[in-house]
Amino acid sequence: EDQVTQSPEALRLQEGESSSLNCSYTVSGLRGLFWYRQDPGKGPEFLFTLYSAGEEKEKERLKATLTKKESFLHITAPKPEDSATYLCAVQAPGGYNKLIFGAGTRLAVHP
Amino acid sequence: DAMVIQNPRYQVTQFGKPVTLSCSQTLNHNVMYWYQQKSSQAPKLLFHYYDKDFNNEADTPDNFQSRRPNTSFCFLDIRSPGLGDAAMYLCATKQGAGETQYFGPGTRLLVL
């Protein structure tokens, strides 16, 4: 069964304290792994798509990496405005690109 | 700016009283999705439209229906809401073979 597991469930950081979020997945034929940011009471905001092991993408303080079994979202020198829930999703095989989401990591960055 | 719009942002309904949630998009995408997200849980796909073709997930309750009268609009109808249907409902769109789904802000549904 296709599955996505994110860890930790919650993470508290001090401003400037770098860390990584993990997304482990099992899917029969990965067609893409997606990272979204979700602020409280809002819809997910697209961050990155990764397609193959070894691929990396960066945006400001965020960097996403992909291996054959997991993805990491590295946050370098985070700021309070980076506080949000970060969702990972994999695209399952099929004609309509169904996304299977993890439950997310709730990140809180304190000044 | 092109975007996905959901109305209302907050909806309160009574147990068993039908409710309709609305999604519109200015992206001209041909695929539209409805997800249900309960507190601290992953979004769960309910159904999607590829153009006019409707596709229901196997575990979506019969209580949930959808309509897509045109490319821009899609509606989620909950025929007899129960307390367990209280959740955030997210609409997303995607263009054809493109990979990325773009989400609206969501509608928070409360069932009293």
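A, B, ... follow the sequence lines: proteins, then strands. Residue 1 opens every chain. As the structure is a prediction and not an experimental result, all values here were calculated from the model.
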[atom1] ([X]) with more than 12 external heavy atoms under 6.0 Å:
{"X": "B:Phe54", "atom1": "CZ", "result": "yes"}
{"X": "A:Glu81", "atom1": "CD", "result": "yes"}
{"X": "B:Asp62", "atom1": "CG", "result": "no"}

Next item on the list: Please determine, among B:Arg9, B:Gln41, B:Gln37, B:Gln6, the option with the most heavy-atom pairs under 4.5 Å with chain A.
Entry: B:Gln37
Next item on the list: Identify the two heavy atoms, one from A:Gly102 and one from B:Pro43, that lie closest to each other, and give their separation to 0.1 Å.
Entry: O-CD, 4.4 Å
Notebook entry, point to check: Nearest heavy-atom pair of A:Arg106 and B:Ser40: which atoms, and what distance?
Noted result: NH1-OG, 4.1 Å
Notebook entry, point to check: When rounded to the nearest 0.5 angstrom, what is the spacing between NE2 in B:His48 and NZ in A:Lys98?
Noted result: 10.0 Å
Next item on the list: Drop me the distance from A:Lys42's NZ to B:Arg108's CZ, to the nearest 0.5 angstrom.
Entry: 13.5 Å
Side chain to side chain, [X] and [Y], heavy atoms closer than 4.5 Å:
{"X": "A:Thr49", "Y": "B:Thr100", "answer": "yes"}
{"X": "B:Tyr33", "Y": "A:Leu99", "answer": "no"}
{"X": "B:Gln101", "Y": "A:Tyr36", "answer": "yes"}

Given the rule that I, L, V, M, F, W and Y join up when any side-chain heavy atoms are under 4.5 Å apart, are [X] and [Y] in one cluster?
{"X": "A:Leu62", "Y": "A:Leu66", "result": "yes"}
{"X": "B:Phe47", "Y": "B:Leu21", "result": "yes"}
{"X": "A:Leu13", "Y": "A:Leu73", "result": "yes"}
{"X": "A:Leu87", "Y": "A:Phe72", "result": "no"}
{"X": "B:Tyr102", "Y": "B:Trp34", "result": "no"}

Margin query: Under a 4.5 Å cutoff for heavy-atom pairs, which residue among A:Ala103, A:Gly104, A:Pro44 has the most contacts with chain B?
Written below: A:Pro44
Next item on the list: Would you check if the distance from the ring center of B:Phe103 to the ring center of A:Phe46 is below 6.0 Å?
Entry: no
Notebook entry, point to check: For A:Glu9, is it the side chain, the backbone, both, or neither that has a heavy atom closer than 4.5 Å to a heavy atom of chain B?
Noted result: neither
